[in-house]
> 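For reference, the structure I am asking about is given below.
Side chains are part of it too, since the values below use all heavy atoms of this structure and drop only hydrogens, waters and symmetry mates.
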Amino acid sequence: MGRGVVADFGLSELFSGLCHTDTLDPFPVWRDGAISPCFNQLVLGALAHSVVAVFSACYLSTGHISDSSLTILSFCITQMQPPPVLSPVGERSYTSMSVNDADSSLLIPESSYQDTGEVVAEDGSSFISHLMYLWLNPLLRRGRRGELEKPCNVYLLPRRLRTSAVRRHFLRCWEDCQQGAATQRGNTAHRPANRTVEEVGLLKVLHKAFGLRYYLLGVLKLAGNMLSFAGPLLLSSLVQYMKEEGAPISQGAWCATGLFFSTFFSALIRNIFAFEVSKVSLSARAALISAIYGKALRVSGGSLAARFTLGEVVNFMSTDTDHVINFFNSFHEVWSLPFQFSIALYLLYLQVGVAFLGGLGVALLLVPLIKVLASKIMENNKHMLTHKDSRVRLMTEVLFGIRVIKFYNWEAYFAQKIADCRRQELSHLKAIKYLDAVCVYTWGSLPIVISIITFVTYVLLGNELTAAKVFTALALVGMLIVPLNSFPWVVNGTLEAKVSLDRIQLFLKLPNQDLDAYFSHVAPEDPQDTIVMSQGIFSWQGPGGLMLHSLNLSITKGSLVVVVGKVGCGKSSLLAAITGELNRRGGDVYVQGREDGFGLAAQEPWIQHATVRDNILFGKDYNSSFYQAVVEACALTDDLNILPNGDRTEVGENGVTLSGGQKARLALARAVYMEKDIFLLDDPLAAVDSDVAHHLMERCIMGILRSKTRILCTHRIEFVDKADVVILMDNGTIIKTGTPEEVLPLVEAVPKKRKNDSNAKEKGTKEEQGLSNELFAEEESSLSRGEQKAVGGLAWKVYHTYWRAVGGALAVSILLSLLLMQASKNVSDWWLSHWISNLRNNGSAQSVLMPAYSSPHLLLFSPGGLIDCNNVKFYLTVYGSIAGANTVFTAFRAFLFAFGGIRAASVVHNRLLDTVLKATVTFFDTTPLGRILNRFSSDLYSVDDTLPFFLNILLTNIFGLLGMLVVMSYGLPWFLVALLPLGLLYHRTQHFYRHTSRDLKRLCSLTLSPVYSHFSETLSGLGTIRASSSASRFEEENERRLEQNQRCLFLSNAAMQWLDIRLQMIGVVVVTGISVIAVFQHQFKSIDPGLVGLSLSYALSSTGLLSGLIFNFTQTEMQLVSVERTEEYSTTLPTEPQHSNPQVPTSWPEQGWVEFRGAVLSYREGLPNALDGVSLVVRPGEKVGVVGRTGSGKSTLFLALFRMVELNQGQILLDGVDTSQVGLAQLRSKLAIIPQDPFLFSGTVRENLDPCGHHPDSRLLEALEHCHLSPVINRIGGLGAEVGEQGKSLSLGQRQLLCLARALLTEANILCIDEATASVDQKTDKLLQQTIREKFQDKTVLTIAHRISTIMDSDRVLVMHSGKVVEFDTPADLCQRDDSIFCKLVGGRGE
């Protein structure tokens, strides 16, 4: 029944139903003198949409579209009125139609050029577009117009290569492997995350994540290898065909066609393989970097600090990851090289029989030599990298402490120290380069040696040499050399990857921070208790670390707890124990609501390289009223008014552009803005003036935070009475907990002999050292403007610079030896073809006279007639001599080049170091440290190693190409006809590519720095990030930065393959062209098969040469960018004047008389004056205290005195001598300073006190005794003890004391002290003031102080405001005056 109904329902019923018409005339076209509405809707309306749909589909599949087509299409769409039937697809739908919804890339771009930054690479492009990389053309065009300036201008990554997708996939595989491991052990129970990580091998996870796809690419590799052997075999057939007079043309045509197809498909397959492998390695890179970053955020603080330095962890992400990724390129070579070698040997055997064993014997004898060379190179490389690491580490410290080095006039000492490291590094580099030269020499001369031995053996065995055999054998020998040459390096690459994989594995195996196990889950009986510790034992992992023990503590919700105690007693460690950064060795610790995190202000403030506002918001949303309240409470309002762009001003690395007090308050503001329930404040009052400290206490700690739980560590005893509870600590334990009245009397009574028994490894972050001052406050907002990306091609000046660094005469010798080497190689090949042609001609002339068969003893070339042995000897002798000359020239070129490279490396480094150490302080303030370091690490590595490597290959390629063109034109003059158009095509292609390639490479470098700098910034601020529960946000930020870098890297790889496929096709045309010309010439007249064979064997290698030429030219240009960058620093940096004044006596200044006369100083044009007409006189032996708010010009006085910044006008006189007339070294060596931020460099205590070795040990020990440091130094091992990276084995207070001991050793008559005891407890501070008074009794002392008590006994006090002197008198007189600013400061200090 149902079927009958369906059968009755035909097309007429369907149309009449749609059009509401009669079934007899269901689809009328014309009605009432017009087109019927139904026809209009269903046909005419739908037709336009179909056209649009088809057009759009084509557009989507091809990945590029011409501008004119787009204009027509957009016109059609805008004109089209959609009919009623199609009304759901309204006009809005057209305008929002996009290529990829996720990326909202408009199908019809609004401008004539589609914005390449919104296009997804590769996805949705057609098969041909994939094959020929047509989807890349719009980007290349944009690059040629010079519009690839920012990372956002390049295509988005294909979806499956996006960092987020790769990371999710990798984590899934990781979890699967963990479950698999757990199942195998029969232990499927849930285990804590930090244990299971250890049980999974990284290699296993990589294998699971990327293995299958990667192994399948091996099939392509195999096919490519097989096809590459077709060339020599077809060449043999073609030359054979040439020899036969009157052979049918079809035979030649088949050979030519075969050559075309084999070279064509071989090129395609190799190209696809290379691009697909680069995609897999890109995915693996994203996975590894994300895994390392994620691990760094979760690893337990103690185990990280105990096992690895910050530099090593950053190395895991950079060097080690690169080694592992490079393995993806070499793995398929591991099996394919032996396979290629075996096939080449078999084919050689078919050509020359057992004669191939002679050549093979030589080649195999060289393998152990190469192995020895490779292992020597590896060994030297390891040593070189060790010295490089220590040089870069030393350079990092020098840059961190550059102000102190300049203050103390230590540049020469450090320059010498760095030069020693560099000398050792270069000695190993020299060994590597000379060993490399031996390798180059061996491989350069090997093909000729093998050929000679093979041919001589073949002839001596009584065989006939024919053109076909010779040139096929030559092509096969060439194929033998490649696997032999590459194999040692492939093995080395594999071993390197193994070492790096193990290193990363070691890092990933570190135990994670397991907060569930660390904190107790049992809530205390009293719900008001927020933090409870009972019998807590905590330690930092690592030698000599402070142990916190017997900690019993109970903190009530909303209370203010103040922790006091001597320097290094464990105050900061107590806060670390509360946040979970320490290892809990015993007892319990409970924190209410710990999942929400803490508001932590660390003792050494961690400031991000971002704007002031971003630092305070720290990823939270901007709430205007609360933000203003926080800024006001943290006393930042005035500071933000000084800054040129207010809170939008960019803060340099580690807060380099802010003073110590500003950094502390910014970190405090960030903590407050987090709105947590518990606040841990580690001495935020240390680096600020007395009135600012009162402001912070009243408005912030007791004001905006009054309802929160606050733990405040401080040395400011005057604020302790405001606490609800006071905790007194000493030697890692709590001595007393109680009210201020109970504890305060004990603070002075802590026994002196127990002075700091700790290393108080109180923190792990690194402090940017330097004289903090208003210089930084007044810096321009984006003072560290983004690093400049050089635009366009390299200037000839750069080539000239490198030429000069190598040395003109040496450079000419290198080029000459290259020319002779190439010429001798071509002449030897030509001689071979000449020999065969002669043999053929002789043979044809004598074949009539000679019988068809004679004894092989009489004949060396059987059918060719009787050629006497002398003739053969002659040809062989000439061939051997030419080959011998070639090996000599090869040796010359290899060793001269190695020598030139080392010389250039040495010259470039010395010039760079010399200039940087002489640069002005302003340069260091406005340039991020990472940028300068980049010049000394990656740029110098390029100049040392990578540049000579690529330059060597490039020069060989250029001369090789010239030789090839000469030989091919000589052999087949008709080839010159094709040469011009091919040359033009080649030039256009490479020109089109080079612009974009260069820009993409530059963008790769530009986007890589933020990934590493963000990582090292994260490692520095790990405590703050984890305490505030911001880890996941930082992980997302890392992913975003990595994604940008991966985009540029992916497109750089794609552009290389775009070029490669086009050059391969030019190569295919050359090979096919030559074979076709040869076939035609053979038809019309006799042709010399020797020369055809020679030309074709050269042509087969032309594709490699052509693509190698462009690739190496681009690579060389990229490496020369490093020369450009180092040269920029060597020639354009502002440097300090280097003159000295012989008239100044060595004893000057004897009295210590200091006079400022109308001194005016501004840091840069357009900035307000930091000193505005300062005039004052300090008498010999006078003690002067300097006070004033941040930005008032206190520190600028010292900077001007030391000529760190030159005066705009006015004078500074010391004992009546104008300081501007004295050499900088003379001036600075006569002044002493104790800077605000204590700077120590890694080395012994002795080296830190007296790097130049001027004083005996007894004097050093005496200075330490005076600074009350002897017990600590004796405990860590005396003067020979290492102080750790930037002195991290000592607490901040102890570092300040060590810097004071330095000053005690100087013989200077004028001493400047810049808040030298801010992080020292009151009692020690008093003892130190006494020491300074005794030791500098008859010397002039200028002291900047935040604690008024430290300058109350000064002879006079100088009060600064806005760069002017407002008061200068004795403390007593100033206190008598009612309007005195100093009087108000004293009154407000609450003492």
> Taking all atoms of both residues into account, what is the closest heavy-atom pair of Tyr802 and Pro948, and its distance?
OH-CG, 4.0 Å
> So does Glu425 pair up with Arg422, basic N to acidic O under 4.0 Å?
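A salt bridge links Glu425 with Arg422.
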> For Phe949, I'd like to know if atom CZ has over 12 heavy atoms of other residues, nucleotides or ligands within 6.0 Å.
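No, the 6.0 Å shell around CZ holds no more than 12 heavy atoms from other groups.
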> Might you confirm whether atom OH of Tyr434 has over 12 heavy atoms from other residues, nucleotides or ligands at distances under 6.0 Å?
yes
> Considering non-hydrogen atoms only, spot the tightest contact between Ser266 and Leu227 and give its length.
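So the minimum-distance heavy-atom pair works out to N-CD1, 3.6 Å.
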> Does some side-chain heavy atom of Ser427 sit less than 4.5 Å from a side-chain heavy atom of His387?
no
> With side-chain contact (heavy atoms from CB on, under 4.5 Å) as the criterion, how do Met317 and Val314 come out once you've worked through the C-alpha distance, each side chain's angles and the decisive distance to 0.1 Å?
CA-CA 5 Å; Met317 187 184 269; Val314 174; 5.6 Å; no
> Thinking salt bridges, do Arg423 and Asp420 make one under a 4.0 Å N-O criterion?
yes
> Could you pull out the closest heavy-atom pair between Ala883 and Ile452, with the gap in Å?
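Of all heavy-atom pairs spanning Ala883 and Ile452, the closest is CB-CD1, 3.3 Å.
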> Report the relative orientation of the aromatic rings in His332 and Trp335; use parallel for angles under 30°, tilted for 30 to 60°, perpendicular for over 60°.
perpendicular
> Centroid separation under 6.0 Å, is that true for the rings of His800 and Trp803?
no
> For atom OH of Tyr986, is the number of surrounding heavy atoms from other residues, nucleotides or ligands below 6.0 Å larger than 12?
yes
> Are Leu913 and Phe936 close enough that some pair of their side-chain heavy atoms sits under 4.5 Å apart?
yes
> For Arg893 and Thr956, run side chain to side chain donor-acceptor pair (under 3.5 Å): C-alpha distance rounded to whole Å, both residues' side-chain angles, the deciding distance at 0.1 Å, then the answer.
CA-CA 10 Å; Arg893 162 243 163 165; Thr956 311; 2.9 Å; yes
> Under the criterion side chain to side chain donor-acceptor pair (under 3.5 Å), I'd like the reasoning laid out for Asn1112 against Thr1116: C-alpha separation, chi angles, the key distance, then a yes or no.
CA-CA 6 Å; Asn1112 288 302; Thr1116 305; 5.8 Å; no
> For the pair Leu951 and Phe897, evaluate side-chain contact (heavy atoms from CB on, under 4.5 Å) and give the outcome as yes or no after the intermediate values.
CA-CA 10 Å; Leu951 188 59; Phe897 200 93; 4.0 Å; yes
> Spell out, as yes or no, whether a donor-acceptor pair under 3.5 Å connects the side chain of Thr887 to the backbone of Gly884.
yes
> Whether the side chain of Ser278 engages the backbone of Phe275 through a donor-acceptor N/O pair (distance < 3.5 Å, no angle test) should be reported.
yes
> Measure the shortest side-chain to side-chain distance between Phe331 and Val490 over non-hydrogen atoms and say whether it is less than 4.5 angstrom.
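Phe331 vs Val490: side chains apart.
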> Test Arg998 against Arg1002 for side-chain contact (heavy atoms from CB on, under 4.5 Å), laying out the working first.
CA-CA 6 Å; Arg998 196 167 44 218; Arg1002 279 176 176 157; 4.2 Å; yes
> Can you name the nearest heavy-atom pair linking Phe229 to Leu476, along with the distance?
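Scanning both residues completely, I find the closest heavy atoms to be CD2-CD2, 4.4 Å.
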> Using the side chain to side chain donor-acceptor pair (under 3.5 Å) rule, take Gln822 and Asn826 through it: C-alpha gap first, then chi angles, then the decisive distance, then the call.
CA-CA 6 Å; Gln822 185 61 41; Asn826 294 137; 3.2 Å; yes
> Mind listing the closest non-hydrogen atom pair of Asp939 and Arg1125 along with its distance?
OD2-NE, 2.7 Å
> List, one per line, each side-chain donor-acceptor pair under 3.5 Å for residues 902-912, sequence neighbours excluded.
{"from": "Arg903", "atom 1": "NE", "to": "Val806", "atom 2": "O", "distance (Å)": "3.4"}
{"from": "Asn910", "atom 1": "ND2", "to": "Ser906", "atom 2": "O", "distance (Å)": "3.3"}
{"from": "Arg911", "atom 1": "NH1", "to": "Glu1127", "atom 2": "OE1", "distance (Å)": "3.2"}

> So, Lys825 and Asp829, do they make that salt bridge, N to O below 4.0 Å?
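A salt bridge is present here (some side-chain N lies under 4.0 Å from a carboxylate O).
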> Can you list every pair that meets salt bridge (Lys or Arg N to Asp or Glu O under 4.0 Å) and has a residue in residues 431-445, with sequence neighbours left out?
Lys433-Asp945
> For Phe339, is the CZ atom crowded, meaning more than 12 foreign heavy atoms sit under 6.0 Å from it?
yes
> Would you call Glu312 and Arg503 a salt bridge, using N to O less than 4.0 angstrom?
no
> Can you give me the closest heavy-atom contact between Arg285 and Leu1008, atom names plus distance?
NH2-CD1, 3.3 Å
> Check whether more than 12 heavy atoms from other residues, nucleotides or ligands sit under 6.0 Å from atom CE of Met226, and answer yes or no.
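Open: at most 12 neighbouring heavy atoms sit under 6.0 Å from CE of Met226.
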